Amino acid sequence: MTTMPAYKAIQKGAMTKELISEARSLFSQGLVERLSAHGLDIVESHAKGAYLYDVDGNAYIDGYSGASTYNLGRKNTSAVEVLKQSARETDHGNFVLISEEKATLASRLADFISGDLSCSLFTVVRGEAMDAACKLARGYTGKTELISVDGGWYGETGFSMGLSDRGDKKQFGTLIPGQTIVEFNNIDAAQKSINHDTAAFILEPVQAENHCRKADEKYLRELKLLCEHFGTLLIFDETQTGFGRTGHKFAKDYYGVEPDILVFGEAVTAGVFPMTGLVFTPEVKTFFDAHPLIHLCTFGGHDVGCRVACHMLDQYDAKRPWEQTQKTGKRLMDDLRSLLQDKPEVLDSVSGMGLLVSMRFKDRDVAKDFCVAARNNGLFVVQGAVAKESVVLRPPLTITENEIDQLTDIVKIVMKKI
Amino acid sequence: MELAYHGHSGFSLSVGGKAYYKELFEPLMPGCRLVPFNDLPAIRAIASKRTAAILLEPVQGEGGIHVATDAYLQGLRTLCDELGIILIFDEIQTGFGRTGKIWFSEHSGVVPDIMCLAKSIGGGVCPNGAIVYRDTEQLAGYVNRNPFFHTSSGGGNDISCQVSSKVIDVLLERKLWENAEMMGTRLKEGLTRIMENNASIIKEIRGKGLMIGIEYTQEFMGVLMADCLSNSGIFAAYSGNAPQVMRFMLPLTVTETQVDEFLNRFKKAVSIQRLYLFFLLPLSKIPIVRKWLNEDDILIPVNVLLRKFGM
Ligand SMILES: Cc1ncc(COP(=O)(O)O)c(C=O)c1O
């Protein structure tokens with residue numbers, strides 16, 4: 001057990017300033033300005049458990065977890081050991097070939113994820129995993145239409161961007177045709193848009209970047225029936241909700257609704273190796289039986305990554321972090337909700353599930369001020385990518401109750417400053 | 001470009017040059033058009049002030065090792081400058097010393113506006129990928145105004161960046177592109193000698209540095225040769241977008257002895273191939289049979305059958 005660093009207001013140090021000033025020329029002036037304005041001008045030196053340390057030695061609670069990646073804590077000790085060992089013993093392998101590593105991970109995932117999602121495809125980044133899911137849906141169904149909901153965020157690649165709720169996507173030209181966005185949690189809107197030419201209906205069960213808005217249980221159940229009726233595949237993006245984040249192994253387990261394809265994120269390796277992927281039913285896999293090697297990815301199913309992921313699945317099974325997350329998540333949510341009365345003029349609502357919690361402020365400027373004040377008080381948090389007036393709290397699932405209390409204490413200090 | 005290969009996610013696939021990878025997933029992005037590679041008039045005919053970018057691999061990898069000529073690249077640069085078009089080189093296969101220079105663009109001296117890097121940037125250890133762009137008002141200005149225009153959860157992760165930095169150190173310390181140039185020449189000369197004695201099988205040897213392609217005289221031979229080579233202890237892939245072409249991309253650290261050993265094994269594989277062809281060549285004269293042979297689904301069982309005869 002590591003001891004928890006005591007709360008201390010942050011002193012911006014010389015090292016941070018120097019590195020940030022170097023970033024002006026290496027990346028861009030605009031980036032540096034934006035980072036500072038949003039409380040993201042932190043230069044990490046190392047990390048441990050629920051904390052990260054900047055190059056000047058200041059400690060912060062990691063309230064971001066690499067967008068729900070570090071579910072098992074920063075620098076998970078055994079993950080690091082397995083990574084080192086695997087890198088000594090093997091390498092990236094060959095992406096067109098089968099390997100023991102890929103096969104072992106595929107069968108471990110089939111056991112780990114409940115239900116019928118027993119087939120897998122490995123990718124590197126989240127957007128690419130979603131692109132592969134959309135392609136699989138089009139290929140399998142022979143249909144073209146892809147429908148998603150408002151408030152979604154899936155990534156930066158071609159299919160993902162078109163489905164995401166982002167204002168600036170028009171500047172990238174005409175994206176993939178045949179993509180429609182309908183109102184979230186509105187079954188009538190879904191019913192109006194789904195038809196016999198719909199390949200897939202795509203959504204996150206909890207919209208992490210959109211004030212952690214949750215799908216209604218009834219909505220998802222009806223959506224599933226609707227999809228079955230039209231021969232449309234249901235795709236869940238669980239890159240942020242998966243691997244225990246919501247207090248359940250996957251959000252689908254909470255809802256009791258099974259998608260045909262589920263997209264997962266880097267939580268599969270607990271963040272020590274870039275790997276994402278999708279799992280799908282044997283029925284959907286028949287498309288790949290008929291069309292092998294039709295979606296390739298050089299670094300997908302990287303042998304080192306597969307070994308790390310297998311090890312992390314063992315850790316998930318042993319630690320069952322979703323159980324603790326129900327408790328810590330509730331504690332965090334209750335504490336934050338109690339703040340609603342104190343400053344109703346700035347804090348508008350608190351929502352989410354498990355340790356995927358969002359505070360919504362009066363507007364995006366207040367949210368930004370919150371992140372800056374949080375940074376100055378030892379808490380690293382980021383605004384929602386869709387709902388910029390929200391700030392998402394998603395610490396590692398290994399965070400203890402004491403650490404949760406420290407986190408809420410910092411939030412209380414920060415609330416006084418905005 | 002026709003025969004281009006840039007990957008399988010939305011944008012990359014939309015500019016890809018192989019129908020098999022695209023057909024079942026259409027419609028893709030409508031604003032992408034393909035032109036024949038190394039054909040300046042063809043691209044001049046369709047480029048306009050509305051064109052955002054011209055994108056190519058300076059040596060087409062999956063497309064079958066087609067090397068862009070200096071004149072072509074220079075012509076593209078001029079065209080892009082005239083019309084305000086961004087020139088993008090996908091150096092994902094050619095970069096980091098593969099072709100005998102650190103970047104392929106050094107051969108012709110043509111500098112692209114954006115260069116895509118991946119694969120060997122990770123040293124075989126960690127996935128990584130990057131774009132580098134010129135420090136112009138147009139590009140750097142855009143990034144400056146839109147610093148979060150492209151965020152990626154795993155992109156630029158700290159571990160991969162440390163590995164990639166080391167890759168660059170090793171490349172520079174050991175000047176690996178020089179070895180690529182020398183070993184590439186040795187390999188190409190050896191293969192050319194084999195070609196001269198086997199004109200019925202090998203049509204052309206081409207490439208640059210250690211990025212070498214062998215074009216067989218018929219499409220089905222790529223698949224067959226892959227099999228013969230694996231029997232002789234060489235793992236080789238025929239090109240995804242051009243099955244009659246096989247690519248050889250030996251590690252840049254390869255030694256003379258290894259190149260010679262490679263050539264010996266290759267020679268052995270060619271002699272096995274000659275035996276196969278004793279049966280197949282007469283058959284492949286019949287057009288319908290040739291058509292069948294060029295389809296994987298048919299060739300694979302044929303291959304299995306031939307193997308049964310102990311070849
Ligand atoms: C020239 C070129 N560009 C892009 C890619 C795609 O890379 P990835 O498989 O990592 O998406 C490849 C992969 O073979 C390639 O050869």
Side-chain angles (χ1 to χ4, degrees), chain A residues 27-35 44 66-67 69 83 87 91-92 94 96 124-128 131-132 134-135 138-139 142 144 155-162 168 171 173-178 239 265-266 271-276 287 291 293-299 302 304-305 385, chain B residues 5 7-15 18 20-32 50 52-53 62 92-93 118-120 122-129 135 139-160 163 235 237 240 296-297:
Chain A
F27 304 114
S28 74
Q29 175 77 19
L31 176 69
V32 168
E33 281 163 12
R34 196 76 74 86
L35 290 175
E44 276 191 35
T69 291
L83 175 65
D91 61 9
H92 143 225
N94 265 299
V96 288
V124 182
V125 296
R126 297 173 181 191
E128 184 201 354
D131 280 26
C134 292
K135 287 169 63 184
R138 276 190 177 173
T144 55
E156 307 274 348
T157 46
F159 283 86
S160 302
M161 200 197 302
D168 64 346
Q171 62 176 324
T174 314
L175 301 173
I176 306 275
T239 51
E266 303 85 343
V272 295
F273 199 90
M275 174 183 262
T276 61
F287 174 72
H291 306 278
L293 300 178
I294 199 167
H295 182 95
L296 305 171
C297 169
T298 306
F299 292 128
H302 196 294
V304 173
Chain B
Y5 186 92
H8 292 258
S9 50
F11 280 90
S12 314
L13 191 62
S14 300
V15 290
K18 182 173 172 170
Y20 173 68
Y21 291 139
K22 299 165 79 170
E23 270 167 3
L24 296 168
F25 308 123
E26 283 168 347
L28 299 171
M29 289 173 192
C32 306
R50 288 180 51 242
E62 302 295 319
I92 287 173
Q93 291 208 22
K119 292 198 194 264
S120 51
V125 183
C126 276
N128 211 354
D135 192 1
L139 291 170
Y142 175 79
V143 177
N144 196 30
R145 287 185 299 278
N146 303 277
F148 293 134
F149 83 98
H150 187 97
T151 52
S152 160
S153 45
N157 73 83
D158 288 351
I159 295 181
S160 297
V163 171
F235 168 49
D296 280 7
D297 293 358

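Everything numeric here is computed off the predicted structure, so don't read it as measured data.
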Of the listed residues (A/H295, A/R138, A/E33, A/H92), which shares the most heavy-atom pairs with chain B below a 4.5 Å separation?
A/R138

Value rounded to 0.5 Å, distance of CZ in A/R34 from CZ in B/R145
11.5 Å

If you count heavy-atom pairs under 4.5 Å with chain B, which of A/S160, A/G271, A/G305, A/P274 comes out on top?
A/P274

For residues B/F25 and A/C134, determine if any side-chain heavy atom of one lies less than 4.5 Å from a side-chain heavy atom of the other.
no

Nearest heavy-atom approach of A/V125 to B/G154 is CG1-N, 4.4 Å

Return the option, out of A/G139, A/G162, A/P177, with the maximum number of heavy-atom pairs under 4.5 Å with chain B.
A/P177

Heaviest contributor of heavy-atom pairs below 4.5 Å to chain B, chosen from A/Q29, A/E266, A/R126, A/H302, is A/H302

Okay, B/N128 and chain A: the region with an atom under 4.5 Å from a heavy atom over there is backbone

Taking every heavy-atom pair that is under 4.5 Å apart, which of A/L296, A/D168, A/L293, A/V32 has the most such pairs with chain B?
A/L296

Of all of B/D135, B/I92, B/N146, B/N157, which one pairs up most often with chain A through heavy atoms under 4.5 Å apart?
B/N157

If I measure from the heavy atoms of chain B, does A/M275 come under 4.5 Å with its side chain, its backbone, both, or neither?
neither

Interface residue of largest heavy-atom contact number with chain B, from A/L83, A/N94, A/T69, under 4.5 Å
A/N94

Is chain B contacted by the side chain of A/D91, its backbone, both, or neither, given a heavy-atom distance below 4.5 Å?
both

Check: A/E156 and B/T151 side chains under 4.5 Å, non-hydrogen atoms
yes

Any non-hydrogen side-chain atom of B/S9 less than 4.5 Å from a side-chain atom of A/F159?
no

Given 3.5 Å as the limit, does a donor-acceptor pair link the side chain of B/N144 with the main chain of A/S28, or not?
no

Does the B/H8 side chain pair with the main chain of A/I294, one donor and one acceptor, at a distance under 3.5 Å?
yes

More than 12 non-hydrogen atoms from neighbouring residues, nucleotides or ligands closer than 6.0 Å to CZ on A/F27, yes or no?
no

Using heavy-atom distances under 4.5 Å, tell me whether B/E23 contacts chain A through its side chain, its backbone, both, or neither.
neither

For A/F273 and B/C126, which heavy atoms make the closest approach, and how far apart are they?
CE1-SG, 4.2 Å

With heavy-atom distances below 4.5 Å as the criterion, would you say the side chains of A/I176 and B/L28 are in contact?
yes

Quick one: closest heavy-atom pair of B/P30 and A/L175, and the distance?
CD-O, 3.6 Å

Any heavy-atom pair between the side chains of B/F148 and A/L35 that's under 4.5 Å?
yes

So what's closer than 4.5 Å to chain A heavy atoms on B/I159: side chain, backbone, both or neither?
side chain

Does the plane of the ring in B/Y20 sit parallel, tilted or perpendicular to the ring in A/H291? Use 30° and 60° as the thresholds.
tilted

